[in-house]
There are 2 protein chains.
Amino acid sequence: MAATIKDIARVAGVSTATVSRVINNLGGYNEETEKKVMAVSKELGYRKNENARSLVQKSTNTIGVIMPDVTTAFYGDIIKGIEDTSYEYGYSVILTHAGSHGSRIHESMNLMGERRVDGLIIVSVELHESAIQSLTSLGIPYILISTKTNREDTPYMKVDDYSAAYTAVKYLIEHNHRTIGMAGANPNDPIAGVPRINGYKQALQDYGIKVDLNLIKPGGFNFESGQSAMQSFIEDDAAVTAVFCASDEVALGIISTCFENEIHVPNDISVVGYDNSKVSHMSVPPLTTVAQPLYDMGREGCFEVIAAIQNKSKIESKVIPHELVVRKSVKSLE
Amino acid sequence: MAATIKDIARVAGVSTATVSRVINNLGGYNEETEKKVMAVSKELGYRKNENARSLVQKSTNTIGVIMPDVTTAFYGDIIKGIEDTSYEYGYSVILTHAGSHGSRIHESMNLMGERRVDGLIIVSVELHESAIQSLTSLGIPYILISTKTNREDTPYMKVDDYSAAYTAVKYLIEHNHRTIGMAGANPNDPIAGVPRINGYKQALQDYGIKVDLNLIKPGGFNFESGQSAMQSFIEDDAAVTAVFCASDEVALGIISTCFENEIHVPNDISVVGYDNSKVSHMSVPPLTTVAQPLYDMGREGCFEVIAAIQNKSKIESKVIPHELVVRKSVKSLE
DNA sequence: GAGTATTACGTAAACGTTTACGTTACGCAT
DNA sequence: ATGCGTAACGTAAACGTTTACGTAATACTC
């Protein structure tokens, strides 16, 4: 149906080699043939077939992105960073979810392998040994964004959750909070959960505040998790004056539940979030939060992968600096 | 480098045809050869090359998704619907942005053409005549989600913005609001802007309320647009008791600005949003909003495209029913 | 036991490109 | 006139599959 270079070659009276040369302007033809070929090409409505090209060049100009099963503003920013960059460098992105809790991570990686993506970006999914095996067996450059493994040789790009959490809690302490809760971190998540909890604990200890495990409400990174954490604080009659949340959505869950119970933020309770995702400046009150430069992480991570593809270079892991964005959800006590 | 079916064929002592048959289990071989081929395949770490397959089968099992340049929760839900469905049917999704205001829509479509996607989904971008031309010239099934064109023959899937807006405003009127503002709709956007404005106007008129153009604050669908709209209401000293917003994010902008100015929602002013995106139930107070079933729209739109690919059938446009989700951002007057 | 169906393969072309290599024709220096 | 370099092509193989068609062996039918 669609015209091929053979068709063009026939109509223009040249060989396919020449057509290919002209189309990819590689030189080696005179102006007349160029005009002719271009004209015929336009006339036949020729559109090049990337698949055929990929086959012979053994590269697809494609990068794969695997992300978790959830849709939050968090991922939107990262994705945009990735897509912008790959577009800029002439790559296409093919996207897939890893299933809930990474359940279809193997399938996803296999799929990326069959599609022969030139590079791979994995966002926020926890990889176990067998998954790492599959990953490296693909033999292509890859990077993990906002996650890491327990192995040294898998490159990642990520903020230091421990010290970011520390920063946030320290900030609360310096504003004279002494009974500080924590919400939304999963103690069974060694990558994104444990370090935040540890940062929280350490900050308390460094300032001579005893850690009260009852004030740590585990959960996921979602809104509901914040709601139930706050509910739990209320039921416990916990005298928390502040709560540090493992994500902005969790923080919104806290705020929302406070609202329903006529607890005022920040007058009655202070809240600090994590991520600085889109929602954080939309909340009431605007959320003080630890910023992860999500868009830039996507952008830079993608760039690294493309560079590695083109230069066959290695990708170095990189710890992204975090930053505390002060808005209005924290009140200084007397 | 990577093993091919030729390698398998050689090692297993059979022809490539047989290998192909076994791998795609098409039958026509006995159990022994099957075992043998499978074993060798595993041993060599064979992974099928989708590109080569695509070339001969003239189908890539791929669907393209083009969306706007922005990243909001809105698109996250749609994308997830699309990705879930395509995964389910064995398709991969390749994603690209259309650039700000659809600036790179032609490039995007051309790219999808070169990648030979089997079907195309375009989300929320306005298509002008030349873009429609490019689109149809691809000769593949496609559908527009949350947008449409002025031509009858481009299938879309979308709520009826006019009547959805009407529903929302009617709701406000029935709660005894008489001075109702509108925020965040772009009067130059014939697809998503104008109908909402018209629905708003019509509802007012039907209830004998005079339309005051000063109460219509144009803008985009984003948070900032809501902020400046509210700012404007305040500066105008407009006695609005309620405002209807063109999106949830706009509504949050309104609420946020109200908060800063110590205007209480819903006591002092009622707000209704549009979309029922993730953020709507996270706001304080939870947002009463017009629901678009975003995930389902992605899901169903994708399904339609796949069905059209497989049955070579036509896709019918579909108007999705909307629904008013009542939460707590609207107060009934006396 | 002749004919026919069926099973289990193999052969080779095809998909739409790219590209190494060969070839011609011409210009130019010697 | 000879040799050589170069521009402007063409030829054909290769990329990794699928698949129409052919074929040999076996099983079945009567």
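These figures come from a predicted structure and were not determined experimentally. In what follows, every chain begins at residue 1, and chains take the letters A, B, ... in the order their sequences are listed.
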| note | Note: Thr147(B) and Tyr156(B) closest approach over all heavy atoms is O-CB, 3.2 Å

| Which residue lies toward the 5' end of DNA chain C, Asn51(A) or Val19(B), if each is placed at its nearest nucleotide? | Val19(B)

| remark: Taking dT18(C), dG16(D), dT18(D) as options, the one with an atom nearest any side-chain atom of Lys6(B) is dG16(D)

| query | Quick one: which of dT19(D), dT17(C), dA20(C) gets closest to the side chain of Ala52(A)? | reply | dT17(C)

| According to a strict under-4.0 Å criterion, is Gln57(A) in side-chain N/O contact with OP1 or OP2 of dA14(D)? | no

| Between Leu144(A), Ile191(A), Ile105(A), Ile145(A), which is the residue that forms a side chain to side chain contact (heavy atoms under 4.5 Å, CB included) with Val125(A)? | Ile105(A)

| query | Rounded to whole angstroms, how far apart are CZ on Arg10(A) and P on dG16(C)? | reply | 12 Å

| NA contact type, Thr4(B), heavy-atom cut-off 4.0 Å: base, sugar-phosphate, or nothing? | sugar-phosphate

| task | For Asn49(B) and for Thr18(B), locate the closest nucleotide of DNA chain D by heavy-atom distance; then report the residue assigned to the nucleotide nearer the 5' terminus. | result | Asn49(B)

| query | Given side chains that start at C-beta, do those of Pro293(B) and Arg299(B) come closer than 4.5 Å, heavy atoms only? | reply | no

| Proximal nucleotide (of dT11(D), dG16(D), dT17(D)) relative to the Ser15(A) side chain | dT11(D)

| field | Ser134(B) versus Met109(B), closest heavy-atom pair with distance | value | CB-CE, 3.3 Å

| field | Interatomic distance, Arg47(A) CZ vs dC15(C) P [rounded to whole Å] | value | 20 Å

| Rounded interatomic separation in angstrom, taking NZ from Lys48(A) and C1' from dT18(C) | 10 Å

| Sorted by number, the residues of residues 22-39 of chain A with heavy-atom contact under 4.0 Å to DNA chain D | Gly28(A), Tyr29(A), Asn30(A), Thr33(A)

| note | Of the candidates dT18(C), dT19(D), dC9(D), the side chain of Arg21(A) sits closest to dC9(D)

| Do the side-chain N or O atoms of Lys58(B) get closer than 4.0 angstrom to the phosphate oxygens (OP1, OP2) of dG16(C)? | yes

| message | Restricting to non-hydrogen atoms, name the atom on Ser92(B) and the atom on Arg115(A) that form the minimum distance, rounded to 0.1 Å. | response | OG-NE, 2.9 Å

| Cut-off 3.5 Å, side chains only: do Tyr295(A) and Asp84(A) have a donor facing an acceptor? | yes

| Does the side chain of Asn30(B) come under 3.5 Å of the side chain of Thr33(B) through a donor N or O and an acceptor N or O? | yes

| field | Under-4.0 Å side-chain N/O to phosphate OP1/OP2 contact, Ser20(A) with dT18(C) | value | yes

| task | Rounded to the nearest angstrom, tell me the gap between atom CD1 in Ile5(A) and atom P in dT11(D). | result | 14 Å

| Separation of dC15(D) P from Leu55(A) CG (nearest whole Å) | 9 Å

| message | Without decimals, in angstroms, what is the distance between Glu114(A) CD and dG16(D) P? | response | 15 Å

| query | The side chain of Ala17(A) lies closest to which of these nucleotides: dG16(C), dC9(C), dT11(D)? | reply | dT11(D)

